[in-house]
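The sequence lines fix the lettering, A, B, ..., with proteins before strands; numbering per chain opens at 1.
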Protein chains: 2
Amino acid sequence: MDIREIARRAKVSTATVSRAINRVPTVDPQLAKRVWRVVDELGYYPNTQARALVLGRTRIFGLIVSEITNPFFPEIVQTFEDLAVENNYEILLTSTVHDPKRMESSVRRMIERRVDGVAILTFGMEESLIEHLRDRKVPLVFVDVGPDVPGIANIRINYISGIRQAVQHLAAMRHTRIAFIAGPEHLKSAGARREAFETSMLEIGLPPDLVVIGDHRMEGGMNALLELNKMSARPTAVMCSNDMTAIGVLREAYEQNIKIPDDLSVVGFDDIHLAEFTIPPLTTVQMSQHGLAEIAFNALLNEVENSTSPREQHSYELVTSLVLRKSTTLARAVGSAIIPEKSNRTTRPRKAAESSPR
Amino acid sequence: MDIREIARRAKVSTATVSRAINRVPTVDPQLAKRVWRVVDELGYYPNTQARALVLGRTRIFGLIVSEITNPFFPEIVQTFEDLAVENNYEILLTSTVHDPKRMESSVRRMIERRVDGVAILTFGMEESLIEHLRDRKVPLVFVDVGPDVPGIANIRINYISGIRQAVQHLAAMRHTRIAFIAGPEHLKSAGARREAFETSMLEIGLPPDLVVIGDHRMEGGMNALLELNKMSARPTAVMCSNDMTAIGVLREAYEQNIKIPDDLSVVGFDDIHLAEFTIPPLTTVQMSQHGLAEIAFNALLNEVENSTSPREQHSYELVTSLVLRKSTTLARAVGSAIIPEKSNRTTRPRKAAESSPR
DNA sequence: ATGAAAGCGCTAACAG
DNA sequence: CTGTTAGCGCTTTCAT
């Protein structure tokens, strides 16, 4: 069943069918109605490939993510998909799984299918591949790309806004030995988080010297806590470069019978869905996945629909901010009674025995 | 840049270019090499839309899921995508978010883009919409659809295999009051799980009478535990219709200071990624998402590539099985010393006070 | 306002 | 073995 069949049955030309379907206003309402009746009767849907071929636009956006199973991404994909439906776009989703081969195939698939734009929401990407897309003048939107390349929309993450809040929240709770579990050293985004932590600490006159390296996975957080425990002056609070790291800390703390938050306050970063479900619920810096996806999609849409002044430099910003849950509390009183015992509210009454040295 | 441009530069016809690119063996190696050189030089990629138009096959598979943010689905999507890359297919991913409107648009999008097949891996779908796909003779693969309709591949989940293991595991640990937190009543898959539980209990002479209804979300699990606590004969173990429910139980137990597994053994269902990260790690019945996606993809591929005897009835099965983690343990000794106190190993030594009635 | 016809980029039948 | 050409289903001039 094709447009000709509809034309035949409605006793009009294919041109009229096309016009009717695309709601061209000049077509006679009578004819339009006749066409639509047939269309509905037969359940006809135009062939998108054919349409794309002649229009030169596919109404497909590429979305490249690191890996769908990373809890950071599902909400991004969902939001992107919601917006796609709304705007009659399709998504070509690929994940790089941190594999250069897959990155390459991702880009190749985008080009083969002639996507109208690509959002690269991955943390870490072979720069050379991006050239292929740029060469073909495919509108691109990036997150956190360092250099400001013209013709590419850029989403800058404001890391410090949320991280500063977290540091000050902790400081206000009398924490002074605040540690940081960093992410993989090669990741730009991880570096930016660490820098934001250091800056925030220095701003309030605290030395940012308790830093250990994690890997943005649970295991890294578990190991990091072990390291932190070996220190002579153990931290009373720890900030993590992402939520999975914090979850690792929670898990290892459980194994070691360290009470969170009473013995150690922990703060995550990202605010993935899971953060709400941990025990205790994780206080974390939110980097809205919904917001990120929304900005990315609209940037692309804007680039394509209002192909305004070509190669204009667009830049967007996503702020981060602290969300308080239950994994942070007041620092334990150091020495004598700077903080009265009773102000340190916990669910169970403290037993005397717990105060004695072990 | 198109096939003609390549043809011109390689001084051959477009037909030869096409043949070379598609590795038709009869083409002269000399010419083929000449073509490939130009192709590589210019970075030419064939236009997939044009190809699809003439071939009548798009090499796109539709994948309909309930919601990407549901922890059950990311791994399915990832596996599907891995297989797609391997086989040069693309995925058109849509999520219904339990919204009839979205289900409809999902199906419409599949048809418009002329997908070669659709995997419907959603739990709950408007039957009428499926007709649209069937009418167009799109190969379909389903999970858990009740009636055996011809021309549709079917993945049957073997619920009882894993659930029986779980029940017997619990019974072997001396549990006799085993509760079940069911899923939403309208979900076929939830009903099947509940039935499997009841069957498994009856098999070993235990009454499956401690059943409360959940909603397959964390909140449902939390409420269910509250209800269970109100019972006169409280269960010592609880099985959940899915992992999110179990996570809700864990969370509520933490609030109520009920120790898992010492006070209550908990078993989940699904084995989502998250189950490994809970505190304590969740013992659960695995329903391999990887396996499910793999079966679904191959079923589709098989249907399309070896379009064998048309409308043959294919059926596949996915077994479930118990994976032991840390959320289950021996039932507390009832009354006197059936089980000697020391055999009930816990991390901390039991304090005498805890044995006295409260 | 409507229709005839060209053409989007590719593949496959057919001829040579 | 290679080239010429029709046509996949649609949109859009260009006439009428």
Q: Can you tell me which residue pairs pass the side-chain hydrogen bond (donor to acceptor under 3.5 Å, both in side chains) test with a partner in residues 66-78 of chain A, sequence neighbours excluded?
A: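 Of all non-adjacent pairs touching residues 66-78 of chain A, those that pass side-chain hydrogen bond (donor to acceptor under 3.5 Å, both in side chains) are Ser66(A)-Thr122(A), Glu67(A)-His98(A), Gln78(A)-Asp82(A), Gln78(A)-Ser95(B).
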Q: Show every side-chain hydrogen bond (donor to acceptor under 3.5 Å, both in side chains) that has at least one partner inside residues 42-64 of chain A, sequence neighbours left out.
A: Asn22(A)-Arg51(A), Arg57(A)-Tyr89(A), Arg57(A)-Glu305(A), Thr58(A)-Asp116(A)
Q: Among residues at least two apart in sequence or on other chains, which ones pass salt bridge (charged side-chain N to carboxylate O under 4.0 Å, His left out) with Asp2(A)?
A: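 Asp2(A): salt bridge (charged side-chain N to carboxylate O under 4.0 Å, His left out) contacts with Arg4(A).
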Q: Taking only residues two or more places apart in sequence or in another chain, which ones pass salt bridge (charged side-chain N to carboxylate O under 4.0 Å, His left out) with Glu104(B)?
A: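 Salt bridge (charged side-chain N to carboxylate O under 4.0 Å, His left out) list for Glu104(B), sorted by chain: empty.
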Q: Hey, could you give me each pair passing side-chain hydrogen bond (donor to acceptor under 3.5 Å, both in side chains) that has a residue in residues 30-39 of chain B? Not counting sequence neighbours.
A: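 Listed once each, the pairs would be none.
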Q: Tell me every residue that passes side chain to side chain contact (heavy atoms under 4.5 Å, CB included) with Val54(A), counting only those two or more places apart in sequence or in another chain.
A: none
Q: Of all residues at least two apart in sequence or in a different chain, which pass the side chain to side chain donor-acceptor pair (under 3.5 Å) check with Thr96(A)?
A: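 For Thr96(A), no residue satisfies side chain to side chain donor-acceptor pair (under 3.5 Å) once neighbours in sequence are set aside.
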Q: Starting from C1' on dC10(D), measure out to CD on Glu112(B) and report it in whole angstrom.
A: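 After rounding, the reported distance stands at 14 Å.
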Q: With the threshold set at under 4.0 Å for non-hydrogen atoms, list the residues of residues 23-41 of chain B touching DNA chain D in residue-number order.
A: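 Within residues 23-41 of chain B, the residues near DNA chain D are Thr26(B), Val27(B), Asp28(B), Leu31(B).
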Q: Taking Arg114(A) for the side chain and Ile111(A) for the main chain, is one N or O donor matched with an acceptor at less than 3.5 Å?
A: yes
Q: My understanding is that only residues two or more places apart in sequence, or in another chain, count here; which of them pass ring-ring contact (aromatic ring centres under 6.0 Å, His included) with Phe297(B)?
A: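 Per chain and number, Phe297(B) pairs via ring-ring contact (aromatic ring centres under 6.0 Å, His included) with Phe61(B), Phe80(B).
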Q: Side-chain N or O of Thr16(B) less than 4.0 angstrom from OP1 or OP2 on dT2(D)?
A: no
Q: Just jot down the side chain to side chain contact (heavy atoms under 4.5 Å, CB included) partners of Ser105(A), sequence neighbours excluded, or say none.
A: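 If we apply the side chain to side chain contact (heavy atoms under 4.5 Å, CB included) test to Ser105(A), skipping adjacent residues, the hits are Arg102(A), Arg108(A), Arg109(A), Val85(B).
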Q: When the distance from CD1 of Ile6(B) to C1' of dT2(D) is rounded to whole Å, what number comes out?
A: 18 Å
Q: Which parts of nucleotides 8-16 of chain C does protein reach within less than 4.0 Å, heavy atoms only, written one letter per nucleotide 5' to 3' as B for base, S for sugar-phosphate only and - for none?
A: BBBBBB---
Q: Angle, rounded to 10°, between the helical axes spanning five pairs at each terminus of the helix from dA1(C)-dT16(D) to dG16(C)-dC1(D)?
A: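 For the helix from dA1(C)-dT16(D) to dG16(C)-dC1(D), the axes at either end differ by 40°.
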